[in-house]
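Below, each value reflects all heavy atoms present in this structure, side chains not excepted, and no hydrogens, waters or symmetry copies.
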Amino acid sequence: MNNAAERATVGWDREQMAQRAALDIPDGAYVNLGIGIPEKIARYVPDGREVIYHTENGLLGMGPTPKPGEEDPDLVNAGKKQITAIPGAAFFHHADSFGMIRGGHIDICVLGAMQVSETGDLANWSTGAADAIPAVGGAMDLVAGVETIYVLTQHCTKEGEPKLVRSCSFPLTGQAVVKRIYTDLAVIDVTPQGLRVIELAPGIDFEYVQQRTGCNLIPA
Amino acid sequence: MNNAAERATVGWDREQMAQRAALDIPDGAYVNLGIGIPEKIARYVPDGREVIYHTENGLLGMGPTPKPGEEDPDLVNAGKKQITAIPGAAFFHHADSFGMIRGGHIDICVLGAMQVSETGDLANWSTGAADAIPAVGGAMDLVAGVETIYVLTQHCTKEGEPKLVRSCSFPLTGQAVVKRIYTDLAVIDVTPQGLRVIELAPGIDFEYVQQRTGCNLIPA
Amino acid sequence: MIEKKFETVADAVSDIFDGATVMIGGFGEAGSPIELIHALIDQGAKNLTVVNNNTGSGHVGLAALIESGRVAKMICSFPRTANSTVFTDLYRRGKVELELVPQGTLAERIRAGGAGIPAFYTRTAVGTTLAEGKEVRNFEGRDYVMEYALKADFALLKCRSADRYGNLLFNKTARNFSPIMATAAKTTIVQTGKYLPAGDIDPETVVTPGIFVHRIVLVPEPQHESRLVAQGSVYP
Amino acid sequence: MIEKKFETVADAVSDIFDGATVMIGGFGEAGSPIELIHALIDQGAKNLTVVNNNTGSGHVGLAALIESGRVAKMICSFPRTANSTVFTDLYRRGKVELELVPQGTLAERIRAGGAGIPAFYTRTAVGTTLAEGKEVRNFEGRDYVMEYALKADFALLKCRSADRYGNLLFNKTARNFSPIMATAAKTTIVQTGKYLPAGDIDPETVVTPGIFVHRIVLVPEPQHESRLVAQGSVYP
């Protein structure tokens, strides 16, 4: 299968993955971006669209990374990175913040993944290994509460194992929650019939993606 | 039995009843006063005691009635009377306000009563009559959530019927919730043994109170 | 570009449909969105379920909506007022249904509806007629009643200031049910005394974050129910 | 006369007892009441159950409290950090128990504890290992997990400003769990950057009303966890 060196030159790179996902964030959306590559999406939302970013530790209207010297240790995102707040932002406490999530008020959440099953199950919080320190954060709340869950992830693990699988072997974050998956190789919808490839990265064909996937894919 | 004319001259009048109850409001207490005679208590809390009044429609730090010309239709109490807010007050929404009540944060609530049973059941919201329009407001929340419920009421109805009874005939507001009762004739504690008279109004003797009560009283 | 502003109250309520559940902010007249309610009367939707703590006063605002015959059911804690017989008369004639809910349970059910909590337990009403038919469960030796979340198709609210994103500030005890109703409705419609650019409200002081607000109408000088009642006004 | 002010952090935490449940505000370092935590370490109470979203960083604040061996159990959503192995090491050696709770469920359980709700239902964690052993119930065709309220004997919190009545303002995302923890503890102890006379905080902007606050200590220049960690500080 492919390796890290190949991944760097085949399909979309991390920035391009974020760029592709950003195309699907509509004007006026309230969006929560997971830690890691999903955070990059905010930079690539097309001009003219106004998107409000929620961070579950108590802020609507998250802005970009602060300039050096303007950081505030009391203004951080869910990944505990220092951030800014846009004009028109609002601060609130944790119960109110997760009320927004659980109550279905956030339109879109984009998360990373360890595995996604063909029925949209997501595993992204624990390997289930005996010596792992379990840590879940807000992931289970987000997938349970947000109507539209997108996953942004490399198609395979560093070891070349497929992340899109018939059934997750890792402990689940949520059952049947993922709507769409953006990988370095393709954009894939979770449908009642299974995973459907709706777009391929430049130079990638369907068979190439199928070979690197642990379940049957449906062509576009 | 007694009638309205007699009630005016025997025992405590309404102001004196409020005055007597006010003696039992300690310094630093968070207090909710029911509509009617209980509202008068605030005027009589002894000097040197600082008491914070809660009104369930969203204010801690209710102050006295506004001066003429200073009324604000957006600043009212639970009885929809125009009020003021003291320096150091706080406004909040209804769910937070009843979180204070239900969560046991209000120290004392003083309510009016239609009936109180010898086990401390309170009936103060409905006669249960077939044509009555039922209206409960916050009464059931207050008796369920506030640890110390005092009742301030005339000992008998206008018709001379006892309000302190073996068992309430009117629909209950709450079961076994009343701690103490202040009437025009006496101060009465609800104890595991029954209603105990702990103080008599001037010129009133125990037998006089017992004759006007629908259950056995215990002398002090 | 986020644009929640509607030009008229009529536009803002135009799609409220027959049979809709409508939460209306306010505790008595404090916070009552009279202009939005009057627009709803003009609009004509019927067979409504209305959630409000009370049933209005006089013949304006909520009382006028009820009087118009468009309200099939009221969910409230205190349907009596000193100066209105509108609800009372219709209720006695069997023309309007009443679901009586203790005030704190009403507030918590609305909050639960907005926060994705389908049901919860409360001590309130245990052992009373208002708990009849409800599930009772014991936790640590005490009985509690199970109560269900309350949601709405629309919320009609009044606030002091709104910014372009829909962040809201209220005025004193006119806040009451409005912030929680904003969370529990699919479409939250707000009449505001002031309309501000994004950034004019300190983010530390926002009471209702804009995510809960879908439509804003500027009503700079809202009417006061008590003054209308004192004048003997009747709407329409 | 209402007097909630304590002169020192040591005075404010002096009666925290062995076996107490202590909620500690903060999300990572934002809002972490380091001075109160250090006072608790000095005070010596042991066998504590601590509720916090995380488990601290470096060897100061919450991590130092855990390292001191006084914490028997952590209730949190995310016990891992990039720069601390204190919890990890003790957990692997079986010296500290962990109750892992999804972050939103943790927040809601605390809020329920403060609001007199003994239990509620949530979609979060349905069908996952974190729902194992929990009651599942179906509402309108969807499964929900029943979760219990969480309460504490003490809460240790940090805020930006407090007035004499205990009304609190926070700073940006340092607010996080503190307002709900204030409601869920029998004794809420707050370190504040500023101590103000009653009336200096606009009643419309109060985040935590004073009813939830029992002790206030002025700590005008609180330390920042990240700076202490960067300096390699170890407490005590």
Kindly check if the number of other-residue, nucleotide or ligand heavy atoms within 6.0 Å of [atom1] ([X]) is above 12?
X        : atom1 : value
C/Lys194 : NZ    : no
C/Lys151 : NZ    : no
B/Glu15  : CD    : yes

Can you list everything that forms a side chain to side chain contact (heavy atoms under 4.5 Å, CB included) with C/Pro118? Sequence neighbours excluded, please.
D/Tyr121, D/Phe139, D/Tyr144
Here the gap from C/Phe78 atom CZ to B/Trp125 atom CH2, rounded to the nearest 0.5 Å, amounts to 11.0 Å
Tell me, side chain or backbone of [X] under 4.5 Å from chain C's heavy atoms, or both, or neither?
X       : value
B/Phe98 : side chain
B/Asp96 : neither
B/Ser97 : neither

Quick check for you: among B/Ala95, B/Pro171, B/Pro73, which has the greatest number of heavy-atom pairs under 4.5 Å with chain C?
B/Pro73
Using a cut-off of under 4.5 Å for heavy-atom pairs, which of B/Leu59, B/Asp131, B/Asp121 has the most such pairs with chain C?
B/Asp131
With chain B as the partner, which of [options] has the greatest number of non-hydrogen pairs under 4.5 Å?
options                               : answer
C/Thr129, C/Thr81, C/Leu130, C/Thr122 : C/Leu130
C/Ser226, C/Pro102, C/Gly26, C/Ala131 : C/Pro102
C/Glu29, C/Arg111, C/His224, C/Arg80  : C/Arg80

What part of [X] is in contact with chain B, defined as an atom under 4.5 angstrom from a non-hydrogen atom: side chain, backbone, both or neither?
X        : value
C/Val207 : neither
C/Phe170 : neither
C/Arg160 : neither

Tabulate, in ascending numerical order, the residues of residues 171-187 of chain C having at least one heavy atom closer than 4.5 Å to a heavy atom of chain B, or enter 'none'.
C/Asn171, C/Lys172, C/Thr173, C/Ala174, C/Arg175, C/Asn176, C/Phe177, C/Pro179, C/Ile180
Are there residues of residues 89-98 of chain C that reach to under 4.5 Å of chain B by heavy atoms, and which ones?
C/Tyr91, C/Arg92, C/Leu98
Decide yes or no on side-chain contact (heavy atoms from CB on, under 4.5 Å) for C/Thr128 and B/Gln175, but give the supporting numbers first.
CA-CA 8 Å; C/Thr128 76; B/Gln175 287 179 323; over 6 Å; no
Ignoring hydrogens and geometry, is there a side-chain-to-backbone donor-acceptor pair from C/Arg123 to B/Gly145 under 3.5 Å?
no
Of all the heavy-atom pairs spanning B/His94 and C/Phe27, show the shortest one and how long it is.
CE1-CD1, 3.7 Å
Under 4.0 Å between a Lys/Arg side-chain N and an Asp/Glu carboxylate O for C/Glu108 and B/Arg102?
yes
Is any residue of residues 133-143 of chain B within less than 4.5 Å of chain C by heavy atoms, and which ones?
B/Ile133, B/Pro134, B/Ala135, B/Val136, B/Gly137, B/Gly138, B/Met140, B/Asp141
